[in-house]
Amino acid sequence: MSQAGGSSIRVGILGARGRMGSEAVRAVGEAPDLELVAEVNRGDSLQDLSAAGVQVAVDLTHPDSVLDNVTFCVDHGIHAVVGTSGLGEAELETVRSRLGDAAGTGVLVVPNFAIGAVLSMRFAEIAARFFESAEIVELHHPRKADAPSGTAARTAQVVAQAREQAGAAEAPDATTRELDGARGASVSGVPVHSVRMAGLVAHQEVLFGTEGETLTIRHDSYDRRSFMPGVLLAVREVGTRPGLTVGLDALLGL
Ligand SMILES: NC(=O)C1=CN([C@@H]2O[C@H](COP(=O)(O)OP(=O)(O)OC[C@H]3O[C@@H](n4cnc5c(N)ncnc54)[C@H](OP(=O)(O)O)[C@@H]3O)[C@@H](O)[C@H]2O)C=CC1
Ligand SMILES: O=C(O)C1=N[C@H](C(=O)O)C[C@H](O)C1
């Protein structure tokens with residue numbers, strides 16, 4: 001988003017006191033071309049965003065509140081960068097239709113801001129059609145509210161789409177007796193296994209297998225700073241992309 005006269009972009013952060021929100025407050029605060037003008041926490045009014053003249057809001061809150069927050073932004077002409085997980089296809093459709101009446105407003109939904117994670121999803125998409133089997137293991141810190149992760153859901157979606165486009169057969173699986181959950185959750189037909197463990201931050205393995213070989217695509221975020229270059233890129237670019245964009249791929253030229 002280029003500002004006339006070189007003025008900075010006015011940014012508001014929702015969930016500013018959270019693990020991601022507090023990192024984002026620091027990163028935006030240190031960026032010379034951005035101005036942090038609002039920090040919205042649980043219980044605060046969204047009107048604070050409008051009152052502060054926020055141009056770009058960054059949502060890092062909770063899956064239960066993200067749709068209401070984005071709707072408010074769209075209705076008030078505030079560009080939104082959405083890091084919060086939990087926006088499924090139905091919610092994205094709601095955002096799309098809401099944006100129909102809000103010419104010029106951009107909503108950028110980013111399942112994962114880490115550049116390595118964006119690349120790993122793209123690598124998985126490329127690999128998907130060459131292997132009979134595909135499964136995802138995502139591993140996160142135990143305070144995470146949602147399972148599977150937004151990243152895993154998005155990865156499963158792009159893997160499934162690539163397999164469908166290639167006319168790939170269903171993955172072989174002879175399981176006829178299982179304990180609930182033993183084969184993971186099926187996301188777009190791809191089994192996803194969620195691990196929650198102290199000591200972890202955010203990690204994912206996409207496992208592919210075919211006759212005589214396997215391929216594992218792994219990404220690790222050891223520190224939430226890994227997400228910040230992606231957050232800043234999204235904040236700078238969202239105003240130049242009216243409508244709904246999912247993922248950082250286009251912004252990275254992928
Ligand atoms: N896209 C990406 O790359 C990444 C996305 N995430 C996602 O970001 C979200 C937040 O994660 P994380 O920072 O770990 O979670 P935290 O629980 O640490 O932070 C969330 C913060 O948002 C606050 N909050 C909750 N509801 C609202 C609301 N309606 N308005 C304003 N503030 C609110 C919480 O307050 P309270 O504590 O009082 O509930 C808390 O301070 C998750 O959905 C997570 O999956 C996380 C990392 C990377
Ligand atoms: O909650 C987290 O921590 C993360 N959430 C996002 C997700 O659900 O994929 C991104 C990253 O995995 C960290």
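All ligand and atom numbering here is 1-based and tracks the order in the structure. Since this is a predicted model, take the numbers as computed values, not measurements.
- With a heavy-atom cut-off of 4.0 Å, S85 touches ligand 2 through its side chain alone.
- Residue-to-ligand polar distances place P111 within reach of ligand 1: an N/O pair is separated by less than 3.5 Å.
- Among G150, S221, P148, S226, the residue whose heavy atom sits closest to atom 7 (C) of ligand 2 is G150.
- Looking at ligand 1, you won't find any N or O of R224 less than 3.5 Å from one of its N or O atoms.
- The residue among M20, H219, K144 with a heavy atom at the shortest distance from atom 4 (C) of ligand 2 is K144.
- Note that CZ of R10 is 5.0 Å distant from CD of E35, once rounded to the nearest 0.5 Å.
- With a 4.0 Å cut-off on non-hydrogen atoms, S85 touches ligand 1 through its backbone as well as its side chain.
- Using a 4.0 Å cut-off to heavy atoms of N41, the atoms of ligand 1 that qualify are 31 (C), 32 (N).
- Under the 4.5 Å side-chain criterion, counting only non-hydrogen atoms from C-beta, E125 is not in contact with Q161.
- Shortest non-hydrogen contact noted between V118 and N112 is CG2-O, 3.5 Å.
- Taking atom 32 (N) of ligand 1 as the reference point, the nearest protein heavy-atom neighbour is R42 N, 3.2 Å.
- Atom CD1 of I9 sits about 13.0 Å away from atom CG of L36, to the nearest 0.5 Å.
- In this structure, atom 41 (O) of ligand 1 lies nearest to the protein heavy atom G18 N, 3.4 Å.
- Closer than 4.0 Å to atom 37 (O) of ligand 1 lies none of the heavy atoms of the protein.
- Considering backbone and side-chain atoms alike, G83 places an N or O below 3.5 Å from some N or O of ligand 1.
- A donor-acceptor pair is defined here as one N or O able to donate and one able to accept, closer than 3.5 Å; such a pair exists between the side chain of T151 and the backbone of P111.
- With respect to E138, the side-chain hydrogen bond (donor to acceptor under 3.5 Å, both in side chains) criterion is satisfied by exactly one of H193, R196, H203: R196.
- Protein heavy atom in closest approach to atom 9 (C) of ligand 1: T61 O, 3.7 Å.
- In summary, the atoms of ligand 1 found under 4.0 Å from a heavy atom of S65, numbered by their order in the structure, are 26 (N), 27 (C), 28 (C), 29 (N).
- From the protein, the heavy atom lying nearest to atom 14 (O) of ligand 1 is R19 NE, 3.0 Å.
- For the pair T84 and ligand 1, the shortest N or O to N or O distance does not fall below 3.5 Å.
- Assignment of N112 to the shell around ligand 1 is supported, since a heavy atom sits closer than 4.0 Å.
- Contacts between T151 and ligand 2 below 4.0 angstrom, taking non-hydrogen atoms only, involve backbone and side chain alike.
- In this structure a side-chain-to-backbone donor-acceptor pair under 3.5 Å is missing from R163 to E170.
- No heavy atom of G150 sits closer than 4.0 Å to any atom of ligand 1.
- Put simply, no part of R224 is less than 4.0 Å from ligand 2, judged by heavy atoms.
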_Using the rule given for side chain to side chain contact (heavy atoms under 4.5 Å, CB included), can you reason through L60 versus F113, listing the C-alpha separation, both sets of side-chain angles and the distance that settles it, and then say yes or no?_
CA-CA 12 Å; L60 299 164; F113 289 109; 4.2 Å; yes
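- Selection from A202, P111, A153 by nearest heavy atom to atom 10 (C) of ligand 2 gives P111.
- The backbone N or O of Y222 sits nowhere less than 3.5 Å from a side-chain atom of D220 that would complete a donor-acceptor pair.
- When atom types are taken as modelled, the side chain of H76 and the backbone of I78 share no donor-acceptor pair closer than 3.5 angstrom.
- Geometrically, ligand 1 and R17 share no nitrogen or oxygen pair separated by less than 3.5 Å.
- Looking only at heavy atoms of the protein, atom 3 (O) of ligand 2 is closest to H141 NE2, 2.9 Å.
- With a 4.0 Å cut-off on non-hydrogen atoms, H140 touches ligand 2 through its side chain and not its backbone.
- At least one N or O atom of M20 sits closer than 3.5 Å to an N or O atom of ligand 1.
- A 6.0 Å sphere centred on CZ of R129 holds no more than 12 heavy atoms belonging to other residues, nucleotides or ligands.
- Interface atoms of ligand 1 facing K144, defined by a heavy-atom separation under 4.0 Å, are 45 (O).
- When heavy-atom distances to ligand 1 are checked against a 4.0 Å cut-off, V110 comes that close only through its backbone atoms N, CA, C and O.
- Checking side-chain atoms of T84 against main-chain N and O of T61 turns up a donor-acceptor pair under 3.5 Å.
- A donor-acceptor pair is defined here as one N or O able to donate and one able to accept, closer than 3.5 Å; no such pair exists between the side chain of S50 and the backbone of L46.
- Checked for salt-bridge contact, E39 and R17 miss the test: no charged N lies under 4.0 Å from a carboxylate O.
- In this model, a donor atom of one side chain and an acceptor atom of the other lie less than 3.5 Å apart for Q204 and T155.
- Within a 4.0 Å radius of atom 34 (C) of ligand 1, the protein contributes no non-hydrogen atoms.
- Within the listing of ligand 2, atoms 7 (C), 8 (O), 9 (O) sit less than 4.0 angstrom from a heavy atom of S149.
- A distance of 10.5 Å separates OG1 of T94 from CD of E89, quoted to the nearest 0.5 Å.
- Atoms of ligand 1 found under 4.0 Å from any heavy atom of G15 (numbered from 1 in listed order, with element): 21 (C), 22 (O), 23 (C), 31 (C), 32 (N).
- Backbone and side-chain nitrogen or oxygen atoms of H141 are examined, and none is located within less than 3.5 angstrom of a nitrogen or oxygen of ligand 1.
- Both the backbone and the side chain of F113 come within contact range of ligand 1, each with a heavy atom under 4.0 Å.
- Although no hydrogens or angles enter the test, the distance criterion places no donor-acceptor pair under 3.5 Å between the side chain of Q165 and the main chain of A162.
- Heavy atoms of R143 found under 4.0 angstrom from ligand 1: none, in either backbone or side chain.
- Near N112, with a cut-off below 4.0 Å to any heavy atom, the atoms of ligand 2 are 10 (C), 11 (C), 12 (O).
- Other residues, nucleotides and ligands contribute more than 12 heavy atoms inside 6.0 Å of the CD atom of E132.
- Distance check: E23 CD to I13 CD1 gives 10.5 Å after rounding to the nearest 0.5 Å.
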